[in-house]
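See below for the structure under consideration.
Letters A, B, ... are given to chains in the order of the sequence lines, protein chains preceding strands, and every chain is numbered from 1. All figures in this text were calculated on a predicted structure; none of them were measured in a lab.
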Amino acid sequence: MENTAPLDQLVELYQRAAKERQDGLMKFVLEAVAEHSTAEGAEAFAAEAMKLASNEAAIAETSAAEAAEAGVAEATAFAAQEFSVAEAMAGEAAEASIAEGMALEAGEAIAAEAGIAEALSMKAAETSQTYNAFLSKL
Amino acid sequence: MNLQSTEFKTATAAFRDKLLRLTIDWCRENSPFYQQRLPLAAKFDGLQSLHALPLLRREDILNNHSEFLCDAGPPASVQYTTGTTGTFLPLYRNQAELAFIEQFYTANLQSRNIAADTKRPLHLSLSSAYHGAPTPIPSASYVLSAGVYDRTQANQAVNLLKNTFSFEGVEKRVSGIVGGDLAIKALTAFLMDEGIDPSEFAVRNLVFTGGYTSTKTKNNLAKIWKATVVDRYSLSEVFGGATQPTPGAPFSFDIEVIPEVIDPFSLKPVSSGVGVLVLTSLYPFSQMMPVIRYYTGDLVEKVPGKEDGEEFVVHLLGRERRSIIESHSHGTKPLVLAGNLHETLEALPDVAASPRYRGLASDLAMEFAGKLHYKIENETQKNGQTNAINITIGLRYAPWIYPERTASIATQIRRQLYQASDTLAKRVKEGSLSLNLNFVRAEQVPPFTMK
């Protein structure tokens, strides 16, 4: 038995799988944003964020600009979160999860060099235009 | 071997199948433990027959540690579980797997078309020494490191967050913080106590690499930082885990790991609903200690893919041993889930919490990273059916001084738990189970661990 696989083919297959996974993750984020938009309104969502962060009391102060800002932030975050997967993978020593985790010392081992999904991040960048377009409709 | 097979509906399934076959062969050839468990004569037909292989439990590894290894030589790095879930478990990685990981992710990065003007993200990693030497993985991000174990470290983290860098091709400000949930909560508590508004930094992402954080707290953190919170599920024993891209969303598994959900009583696969997560790591990402069908002890709700061939995702529900569940004819029914109970109690400021990272900021602030005081036990009949659930909750005050308030929160807790479990509500209503809430002063019940 040959315990190897051609690296180039493995990477190619992995990247196709990564695209599938990326699509799945994006769907969940879009669903979450849509939920916000229907449940509270995008403005209210942004307003809460602003209010809590800056102690500005009134929702009335929420401007369309703030809502837009939040949308952009979300979109950017979505693109960037792919990097995170990487970071986290690097922390394989991490015993994270709800599992081990709920705890305390659980899972923090982060590698100085991080992660896997860097690759995916570039894919995320490609999709961010679509995502931005979606957000602009909220 | 041919990796271009089209017999699978998804590339993910094809990738996993190929590597699973390699994993089985590798383990059969190199691990005395697996040689006994997976005899060479037994036919193995890839992904579709994985469920027929025996489950692997933590005790199996602990009791057969040297036989379990696929490489008898000294490990290149040693990682370990914290030991808080039982006996300390050392986990070895050999040079070959570290080399493969380096090679694979480098090739993966290099083969992608990255726009020339794309800046590498600048991330701050909050370090931890709880699990030994981390596995380095090549990454596009540029990573800075800091700790949050004392005020000096936290102040350095703040300096990194405030600073503008000028590394060529890299973002100028830190845009993401990566760390265990406690570390990120501790840093947040430190900042809030110091009067520093976290949203004034350039951070757009908080990435939890471990620990349990409720959706409510994740949303709170998202607002405080004006950032997206991404959560990662992983465990030391397995290379690969799952990602929750936004609070409340399900967790989606990495390609490098094979997830299954089984019924904790029958140990049979479940198509949807509550079960225990079982994970298989894959060669060549794992070479010294691959785990095949590892019983994680984590309860999840399995959500099947909506489209043909779509991978299933899960919602994490808490540790099996911290939850109270029952076997019914239609599968496992939860009575009280660890995650749900935690979220219910976390929402009540009355419930006492012990701060963590004391000295970093005020004790009250550090409760944000602390543990709630409560415990849960059940009483069972001879047939194994639960007839009483006893939850003891430590309050910040002596409950007898505030009887009305205590009664009020008891009602809230019951309501939440009934809402979360129809089975619990039904059993209590029909009188076959009693749910007893016992309120005491904080020091009369120790902090609860979700592990």
Original post:
Is chain A contacted by the side chain of B/Q244, its backbone, both, or neither, given a heavy-atom distance below 4.5 Å?
Top reply: neither
Original post:
At what distance, to the nearest 0.5 angstrom, does OG1 of B/T12 lie from NZ of A/K19?
Top reply: 11.5 Å
Subject >> Segment of B/F100 engaging chain A (4.5 angstrom heavy-atom cut-off) >> reply: side chain
**OP:** Quick one: pull up CZ in B/F15 and CG in A/L10 and give me the separation to the nearest 0.5 Å.
**Re:** 4.5 Å
Subject >> Listed partners of B/E311 passing salt bridge (charged side-chain N to carboxylate O under 4.0 Å, His left out), at least two apart >> reply: B/R16
Subject >> chain A contacts, top residue of B/G297, B/P250, B/G248 (heavy-atom pairs, under 4.5 Å) >> reply: B/P250
**OP:** Look at the side chain of A/E20 and the backbone N and O of B/T10, then say whether any donor-acceptor pair between them is shorter than 3.5 Å.
**Re:** no
Subject >> Under 3.5 Å side-chain donor-acceptor pair for A/R21 and B/T243 >> reply: yes
Subject >> Contact summary for B/A11 and A/A17, nearest pair of heavy atoms >> reply: CB-N, 3.5 Å
Subject >> Heavy-atom closest pair, residues A/L7 and B/A107 >> reply: CD2-CB, 4.0 Å
**OP:** Return the orientation label for the A/Y14 and B/F285 ring planes: parallel under 30°, perpendicular over 60°, tilted otherwise.
**Re:** tilted
Subject >> Which atoms of B/V300 approach chain A - backbone, side chain, both or neither, heavy atom under 4.5 Å >> reply: neither
